[in-house]
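Take a look at the structure set out below.
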Amino acid sequence: MSLTLPPLTKVTKPQFNFKSKHHFLPILCSSNSQSNPSPFSLVSFLRWVPDWADGVKESRVRDPRPLYTPENWREHRSSRRHLRHLLTSLSSRVILSLIPPVFSLTTFAGFIALYNTAVSLAWLPNSIFPVLKASPLPYQLTAPALALLLVFRTEASYSRFVEGRKVWMKVISGAGELASMVLNLRPKDDWSIRSSLINYIMAFPVALKCHVVNGSDIRADLQNLLEEEDMSILLRSKHRPRCIIEFISQSLDVLHLEEQKRNLMETKISCFHEGIGVCEQIIGLPIPLSYTRLTSRFLVLWHLTLPIILWEDCNWIVVPATFISAASLFCIEEVGVLIEEPFPNLSLDESCKQLHDGIRDIMSVHNLIHRRIHAKIKDLDEREVSDGRLSSL
């Protein structure tokens, strides 16, 4: 027996560590005794739940947003939308992000109900442990304040969303107008320079999108627009949208432009600078943090005391009541937080693609339209000459 025991310990011990190193080894190694892993496992689980919810929410933030088509609008206003939204609730990033606070507050309400039940049934001495209940009058007085706080918070977030959408549409329309101006320059101008300039113009909204949306891959987004030498210069730049503007400005300097056309194009470039400034302000300056913290603290304290307020009238119904109230009010607050950062919620990729497709379509038919217009002018001149000859006869 003494000869066989050592090999058994050498085999079983590394097998246990190998199987457990990915999930349980850090928890087991944090304590010397084997009777204490459960508290560490509980703590790790309580930390894992909000981390998981945040991970799901952040991964959904990076999902591309499509531009609506007539089919999307038809589905959007369908009478079956309520049932569809209800059935897809568990895939909503807003609802998944509410699991940690709503679960915690509902669990706390269950503990309050269990404690009051134990006191009412004399499982606990009434002289030492009182029943936790209070008058609902304070809640009736503060309910309008909470409602106004949530409304103002969501309205402020939506105004930021609208501002971000407006400045992005202004950048897209400015890029389209500038590209049209470049296409309509005189034929004697160098077409290779104009082609590169149009690519720079199309690259600017993409560079701005990568600047305001975290996790964007600018090399992959611009690989079909910029040459490798241009890409290397862009990647070395610390402010890539302004680097694209410098490409555009210096390309305009090479072209032989009239003063009026140059000034008109300079106004479009100033629109790009304005768009950068507004986008950076929206990203860098959130709603005042004191307002956000006040809303969060008010909601948490409201629902922590809600089971005490409702116990006398509802008893164990305080548990589902707390769940419904927390899910509803925290959902409104979560929507306000999500739309506070507007650019991940806008269809930036699709709008850039739509701009590129429109410019390429105009480029493909530009020469055809040019030849067709000149052919019409030539036909008119020939008709006038023939009419003049007939009148002279």
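Counting all heavy atoms, side chain and backbone alike, S251 lies closest to L197 at CB-CD1, 3.7 Å. The two residues L98 and E334 come nearest to each other via the heavy atoms CD2-CB, 4.0 Å. Nearest heavy atom pair, residue W311 against residue K133, reads CD1-CB, 4.4 Å. When all heavy atoms of C279 and V212 are compared, the pair lying nearest together is CB-CG1, 3.8 Å. Between R240 and L234, the closest heavy-atom pair is CG-O, 3.3 Å. Scanning all heavy atoms of the two residues, the minimum distance from V318 to A113 falls at CG2-CB, 4.1 Å.
Residues satisfying the side-chain contact (heavy atoms from CB on, under 4.5 Å) test with S270, not counting sequence neighbours, are T267.
Here ring pair (Phe, Tyr, Trp, His ring centres under 6.0 Å) pairs that include residues 322-349, with residues two or more places apart or in two chains, are H303-F330.
Side-chain contact annotation: S196 with N199, donor-acceptor N/O pair under 3.5 Å absent. Judged by distance alone, the side chains of R360 and S364 never bring a donor and an acceptor atom under 3.5 Å apart. In summary, the side chains of Q354 and E350 do not present any donor paired with an acceptor at a separation below 3.5 Å, with no hydrogens or angles considered. Under the 3.5 Å distance criterion, with hydrogens and angles disregarded, a donor-acceptor pair is assigned to the side chains of E280 and H239.
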Problem set entry | side chain to side chain contact (heavy atoms under 4.5 Å, CB included) between M181 and K268, worked out | CA-CA 10 Å; M181 292 178 188; K268 301 303 176 183; 3.7 Å; yes

Problem set entry | Chi angles and distances behind the side chain to side chain contact (heavy atoms under 4.5 Å, CB included) call for K209, D221 | CA-CA 10 Å; K209 184 265 298 185; D221 291 340; 2.7 Å; yes

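Side-chain contact between F272 and L178 is present, with at least one heavy-atom pair separated by less than 4.5 Å. Using a 4.5 Å heavy-atom threshold, the side chains of I198 and M363 count as touching. Contact of the W168 side chain with the P342 side chain is not registered, since no non-hydrogen atoms from C-beta on lie closer than 4.5 Å.
Residue L105 is grouped with residue L146 when hydrophobic side chains (ILVMFWY) are merged at heavy-atom distances under 4.5 angstrom, including chains of intermediate members. Under the 4.5 Å side-chain heavy-atom criterion for ILVMFWY residues, a single connected hydrophobic cluster contains both M169 and F161.
Once rounded to the nearest 0.5 Å, the distance linking OG of S296 with CG of L301 reads 9.0 Å.
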